[in-house]
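Accompanying notes for the structure given below.
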Amino acid sequence: MNLSRVLETHAAWFDLLDDAQQARVLRDTTIADIEAGTIIEHKGAIASAWIGVLDGLVKVSVGNADGKMASLTGVPSGGWIGEGSLLKREARKYDIIALRRSTIARLRGDTFNWLLDGSIPFNRFLLHQLNERVAQFIGKAEHDRLLAPDARVARCLAELFNPLLYPGNSTRLEITQEEIGYLARMSRQRTNQALRSLEAAGLLKVVYGAVEVLDLDGLKAFGT
DNA sequence: GCATTAACCACCG
DNA sequence: CGGTGGTTAATGC
């Protein structure tokens, strides 16, 4: 498959660029298929690329010395992440890890910065994305404190279907219940219980190794 | 009561 | 077979 077409369909910002900019992006973007569990970016490494999830699912997480791990957010296909460390030219603060077999694009960091210098639409896109992320994290902090476990799972799943951050996704998401548990900060057993309750409410369907969302608005509003 | 960890075991691909 | 998920028992808040 050709790169230009892939970016047109999996990078909402690509269409905003002029011909010369698109040409340079095509030249400076690499694509790789990676296995589940691959660490795409290591905490502590100097950021040198903007990361696009063309297919699959990735998580942003940190671990501590005791082996405890906190998953901070999931990023499904259509998502572009890692601009924070790129903008500040600093070391990555989190690990980026593939939750399943994924196709990952890397746009060279200097090209990313060149787009920032030369394209107002690109800046607008980033501003918009950052704004949406802030809203998502504020919401996460809120429901993390206020909502019951079933509703926390509902919101976490709804986040992964955010049409502004991850446009053009289907209703099916391949993710294990254990990983949903990490994202919602609860045990696998409790996550399983929550999923069954959401299924009983007709909001989603639980299938082996995946969930299928039936009612996204219902998920967002669950428990309120 | 409710959630968590740990352990088993069955099922799926 | 390895990964996933249902279940249960022990323990903690």
query = Would a distance-only check, ignoring hydrogens and angles, find a side-chain to backbone donor-acceptor pair under 3.5 Å from A/Ser102 to A/Ile104?
reply = no

request  = Find the distance A/Arg190:CZ to B/dT4:P and express it as a whole number of Å.
outcome  = 8 Å

inquiry  = If you assign A/Gln189 and A/Gln193 each to the DNA chain B nucleotide with the nearest heavy atom, which residue ends up on the more 5' nucleotide?
reply    = A/Gln193

inquiry  = Closer than 4.0 angstrom, basic N to acidic O: yes or no for A/Arg190 and A/Asp150?
reply    = yes

request  = Provide, to the nearest angstrom, the distance between the CG atom belonging to A/Leu195 and the P atom belonging to C/dT7.
outcome  = 14 Å

query = Nearest nucleotide by nearest heavy atom, which residue falls closer to the 5' end of DNA chain C, A/Tyr208 or A/Arg196?
reply = A/Tyr208

query = How close or far is atom C1' of C/dG3 from atom CD of A/Glu35, stated in whole angstroms?
reply = 14 Å

ask   = Whole Å only: how far is the CZ atom of A/Arg101 from the P atom of C/dG3?
value = 15 Å

ask   = Would the A/Phe122 and A/Trp50 ring centres measure less than 6.0 Å apart?
value = yes

ask   = How close or far is atom P of C/dT4 from atom CZ of A/Arg100, stated in whole angstroms?
value = 12 Å

inquiry  = Membership question, hydrophobic clusters at under 4.5 Å side-chain separation (ILVMFWY): are A/Leu219 and A/Leu183 in the same one?
reply    = yes

key: Gap between atoms CD and P, on A/Glu178 and C/dG2 respectively (whole Å)   = 17 Å

key: Spacing of A/Met186 atom CE relative to B/dT5 atom P, expressed in whole Å   = 12 Å

remark   = Side-chain contact check for A/Ser187: nearest option of B/dT5, B/dA3, C/dG5 is B/dT5

query = Atom OH of A/Tyr182 and atom P of B/dT5: how far apart are they, to the nearest Å?
reply = 9 Å

